[in-house]
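Note that the structure is predicted; figures quoted are calculated from it, not measured. Order of the sequence lines fixes the chain letters, A, B, ..., with proteins taken first and strands second; residue numbering starts at 1 for each chain.
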Amino acid sequence: MSRPKRMVNRASRRAPIIESPSMSVVTRFAPSPTGFLHIGGARTALFNWLYARHHGGRFMLRIEDTDAKRSTREAVDAILDGLRWLELDWDGEVYYQSRRHARHIEAAQALLAAGKAYRCYCSPEELAQMRQTAKREGRSIRYDGRWRDRDPADAPANVDPVIRLKAPLDGETVIDDLVQGPVRVANSQLDDMILLRSDGTPTYMHSVVVDDHDMGVTHVIRGDDHLTNAARQTRLFEALGWKAPRFAHIPLIHGADGQKLSKRHGALGVDAYRSLGYLPEALRNYLLRLGWSHGDDEVIDTAQAVAWFDLDAVGKSAARFDFAKLDSLNSHYLREMAPEALVALVLPRLDDQSAVVRERLLQGIASLTQRIKTVDELVENSKFYSAGPAFPLTIPKAAKQLEGDGLVVLAELAERLSGLGQWNEESLEEAAKAHAQAREIGLGKIAQPLRAALTGSNASPGIFEVMRILGRNETLARLAAVPGIER
RNA sequence: GUCCCCAUCGUCUAGUGGCCUAGGACGCUGGCCUCUCACGCCGGAAACGGGGGUUCGACUCCCCCUGGGGACGCCA
């Protein structure tokens, strides 16, 4: 596989990833269990997985369930299921952030003891008012630090305080983002974030930092809606005296309306893609190309993706989700599957799962697969191999074939077929053509009624293939079952 | 409102100062093939948001504008 010349240039241009060989990569996917694994999360997981696999590092999974009120076991299961279906295997045990509360609290207390954090006695109402005022006056909306240097003796008696980080007021925080490049944020824009809530539980912002450090995460790859969080978190890392990981904020996936795709806004869970009939490899390929590229390559299987993937080829602008392209990739991977694998997908969803049907499918599935985009369509189009069409036909165009002349032609053909010596595609086509010639009509005038009678549809694989696979008995039986034909 | 990010065909993208008459893919579309629908093959329409610079030369570098997105929670 030769790399295009330009790819080399591109790589050498941004190339900020100069790690010592001994430094092994650790990435993590850290979803919050408040719903299914949606498509954006799936891509974030994929990129983290690919980056770790490409660099021979570790890919960890951490469930961010610090919000006990909103986290559910069902959501955790849905996320795990989704990742398994996508075949994104994680290393080691699943981390549950909630189980590490003690550690998070300890870190916050240490900051407090070191004078790098402080107690804030503002009530939620007070904060809401602060925000409102700031908004009205056109200032940025953030906590004003009123308890930052206030005498603890002023503390109201029966108010449980939150613990806030005492972050630097001046200067700026620079994130040297692996995707976005250097991003500078004035420290004056960032307020003193809450580490521990008034009930003593740690916030997400704090837990993330402690966990990423403790887990040895080297690269945080996540949606760019976290970009400003990276600045906040960097300051916490500094306060704790830890080295911050490298950040890579990948652009978000937008819906057809150009807005961020989220659980509350149009995003489907990966389970929906599964039940819609998409293959995990197709979804991975599609998601990979949303924001990442390797020259003009489009069809990239997972092994190739692992070999090629790196952060320097991740684009910076948001992408819209496009089902049409997913469809085309899905049909590509479907067509590459072995008949046995395809049948294993289809047969369980058919009414008749007998050996006879299985054998028909084995023979007919390849050409069936040429005509569909999803597994669902494949199942739908395979049904005629399982059961004969019911009459009258539900498809008007097909039903029309079984009227008048069509019916006459079929009756005559049935006669001819019953006496046919060889039953293969060549002999069948020969017989049909001979009949067409005898009646001085086009082959289509015979093939279409045949198709309707045999498959119940006006579109199907080649009709002689269908007849061959169905066999003489079944073919004749189906013809005989057509209302208006007696034999 | 404040801050941050982004900007090439309808969509995903290639492009890193001359290789660009801007390439590929999906979709759309004309044709061929043909028993239907597909597949396949051949062809077509389709984009650098605008304005200033820099330069011998800008899709490419800089600035402004415009447009889009994101963040501003005791959510994650």
Worksheet item: Side chains of A/Asn458 and A/Gln448: is there a donor and an acceptor less than 3.5 Å apart?
Response: no
Worksheet item: Does the side chain of A/Tyr204 pick up a donor-acceptor pair with the side chain of A/Asp67 at under 3.5 Å?
Response: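 Judged by distance alone, the side chains do not pair up.
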Say we look at [N] and [M]: how far apart would their [atom1] atoms be, to the nearest angstrom?
N     : M     : atom1 : result
B/C32 : B/C37 : P     : 13 Å
B/G43 : B/C4  : C1'   : 46 Å
B/G23 : B/C62 : P     : 25 Å
B/U8  : B/A47 : C1'   : 6 Å
B/G27 : B/C39 : P     : 8 Å
B/A58 : B/G52 : C1'   : 14 Å
B/C3  : B/U55 : C1'   : 34 Å
B/A14 : B/C59 : C1'   : 12 Å

Measure from [atom1] on [X] to [atom2] on [N] and round the result to the nearest Å.
X        : N     : atom1 : atom2 : value
A/Arg371 : B/U36 : CZ    : P     : 11 Å
A/Leu329 : B/U13 : CG    : P     : 13 Å
A/Lys325 : B/C26 : NZ    : C1'   : 5 Å
A/Arg164 : B/G73 : CZ    : C1'   : 10 Å
A/Arg335 : B/C37 : CZ    : C1'   : 13 Å
A/Asp212 : B/A76 : CG    : P     : 15 Å
A/Arg232 : B/G73 : CZ    : C1'   : 10 Å

NA contact type, [X], heavy-atom cut-off 4.0 Å: base, sugar-phosphate, or nothing?
X        : answer
A/Pro251 : nothing
A/Val183 : sugar-phosphate
A/Arg320 : sugar-phosphate
A/Ser460 : base
A/Asn229 : base
A/Phe321 : nothing
A/Asp67  : sugar-phosphate
A/Gly291 : sugar-phosphate
A/Leu290 : sugar-phosphate
A/His226 : base

Worksheet item: So A/Asp191 and A/Arg232, salt bridge (charged side-chain N to carboxylate O under 4.0 Å, His left out) or not? Walk me through it.
Response: CA-CA 8 Å; A/Asp191 61 7; A/Arg232 296 170 194 281; 3.1 Å; yes
So, does the side chain of [X] form a donor-acceptor pair with the base of [N] at under 3.5 Å?
X        : N     : value
A/Asp224 : B/G70 : no
A/Ser198 : B/C74 : yes
A/Asp65  : B/A76 : no

Does [N] have OP1 or OP2 sitting under 4.0 Å from an N or O in the side chain of [X]?
X        : N     : answer
A/Arg289 : B/A25 : no
A/Ser293 : B/A14 : yes
A/Arg197 : B/C75 : yes
A/Lys316 : B/C5  : no
A/Thr66  : B/A76 : yes

Worksheet item: Does A/Arg43 make a cation-pi contact with A/Phe47, if we ask for NZ or CZ under 6.0 Å from the ring centre and within 45° of the axis?
Response: yes
For [N], give the paired nucleotide (Watson-Crick: N1-N3 plus N6-O4 or O6-N4; G-U: N1-O2 and O6-N3; both under 3.5 Å), or none.
N     : value
B/A71 : B/U2
B/C48 : none
B/G10 : B/C26
B/C33 : none
B/U16 : none
B/U55 : none

Fill in: Residue met sooner reading RNA chain B from 5', once A/Ala324 and A/Leu252 are mapped to nucleotides
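Here A/Ala324 is the residue nearer the 5' end.
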Worksheet item: Which residue lies toward the 5' end of RNA chain B, A/Gln370 or A/Cys122, if each is placed at its nearest nucleotide?
Response: A/Gln370
Worksheet item: Are side-chain heavy atoms of A/Tyr273 and A/Leu268 found at a separation under 4.5 Å?
Response: yes
Worksheet entry | Donor-acceptor pair, side chain of A/Lys116 and main chain of A/Leu111, under 3.5 angstrom | no
Worksheet item: Can any side-chain N or O of A/Tyr286 pair as donor or acceptor with the backbone N or O of A/Asp322 at less than 3.5 Å?
Response: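 Checked: pair present.
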Discussion item. Is it the case that over 12 heavy atoms from other parts of the model lie below 6.0 angstrom from the CD atom of A/Gln132?
Written reply: no
